[in-house]
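Both counts, for ligands and for their atoms, begin at 1 and track the order of listing.
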Amino acid sequence: MSQTTAESPIRKQRAQLNVRTLRTDRWWLTPALTFAGLMSFLIYGFWAIFDKSYFAEPYIAPFSSPCLATSCPEGARFLGLAPFGDWYGLPPGLLILGLPGGFRLTCYYYRKSYYRSFWLSPPACAVSEPHTKYSGETRLPLIIQNVHRYFFYLAVVIGAILAYDAILAFRDEHGNWGHVGLGTLILLANAILIFCYTLGCHSCRHITAGRLNHFSRHPIRYKAWTFVSKLNARHQQFAWASMYSVMIADLYVRLVAKGVINFPFA
Ligand code: FES
């Protein structure tokens with residue numbers, strides 16, 4: 001992020017225009033669509049967190065997984081654990097919301113998208129922003145965005161748990177393996193997309209091979225870095241694909257749990 005401030009010499013050298021932009025294309029379309037997409041996720045997430053129909057054996061809704069409270073129904077509790085107890089009766093999804101939520105909120109791509117679409121800072125290239133001061137991410141509160149690398153480690157754990165949920169979805173409601181329903185495939189596709197998004201993280205790329213001077217001396221790290229770099233090149237696409245896949249998977253399980261979806265291969 002640039003460290004330009006309102007008082008900096010660079011700012012003073014900018015052309016003084018009395019219009020917001022000289023662009024004549026539909027520059028507002030991308031931030032408008034981004035705003036709509038992110039808002040749909042926030043609105044759905046708010047509803048889902050408080051919705052109680054999150055378990056339809058063998059499926060558990062991703063927004064409520066891992067379920068770690070005593071209020072989780074029989075079979076939904078992750079490895080039978082309940083470290084949160086009943087924690088003021090808060091919904092299980094709310095108790096773990098900070099992990100995936102913090103990861104996405106501090107993601108480099110999402111930062112760009114909500115800085116542009118929500119804060120208009122700036123809304124697009126060569127379009128002036130309404131704010132007169134800009135300190136970037138060099139001081140509070142935005143300097144906190146640097147915790148992203150730590151959220152990455154937690155997100156790997158969450159991704160592994162969603163993969164575990166997808167594997168458990170190959171059982172039927174009696175615990176017998178071999179079941180493949182539409183829900184199994186949806187949860188599996190979601191787990192794969194979540195991993196593609198998580199492992200394509202810029203922090204992961206740095207972890208695999210950051211600060212290496214000689215790839216030839218670290219062939220395994222080089223291979224890992226090459227793989228992660230391929231995912232990283234499509235990080236924006238995986239950010240959107242995994243955001244919608246987790247919503248679709250979550251909604252699907254809730255509709256099955258509510259009895260709205262009730263066909264033989266659900
Ligand atoms: Fe997007 Fe890390 S940069 S998840």
Next item on the list: Anything under 30° is parallel, anything over 60° is perpendicular, the rest tilted; go ahead and classify His235 against His202.
Entry: perpendicular
Item checked: Six-ring centre of Tyr197, Arg104 cation under 6.0 angstrom, axis tolerance 45° -> yes
Next item on the list: Count, excluding waters, the protein N, O or S atoms that are closer to atom 1 (Fe) of ligand 1 than 2.8 Å.
Entry: 2
Check: Is the CD1 atom of Ile220 crowded by more than 12 outside heavy atoms at less than 6.0 Å?
Finding: no
Note to self: Determine whether Asp86 and Thr70 satisfy the following criterion, side-chain hydrogen bond (donor to acceptor under 3.5 Å, both in side chains), listing intermediate values before the conclusion.
What the structure shows: CA-CA 5 Å; Asp86 74 343; Thr70 46; 5.2 Å; no
Notebook entry, point to check: Measuring from Phe50:CZ to Leu94:CG, what's the distance to the nearest 0.5 Å?
Noted result: 5.5 Å
Check: For the Cys pair Cys72 and Cys67, is the SG-SG distance shorter than 2.5 Å?
Finding: yes
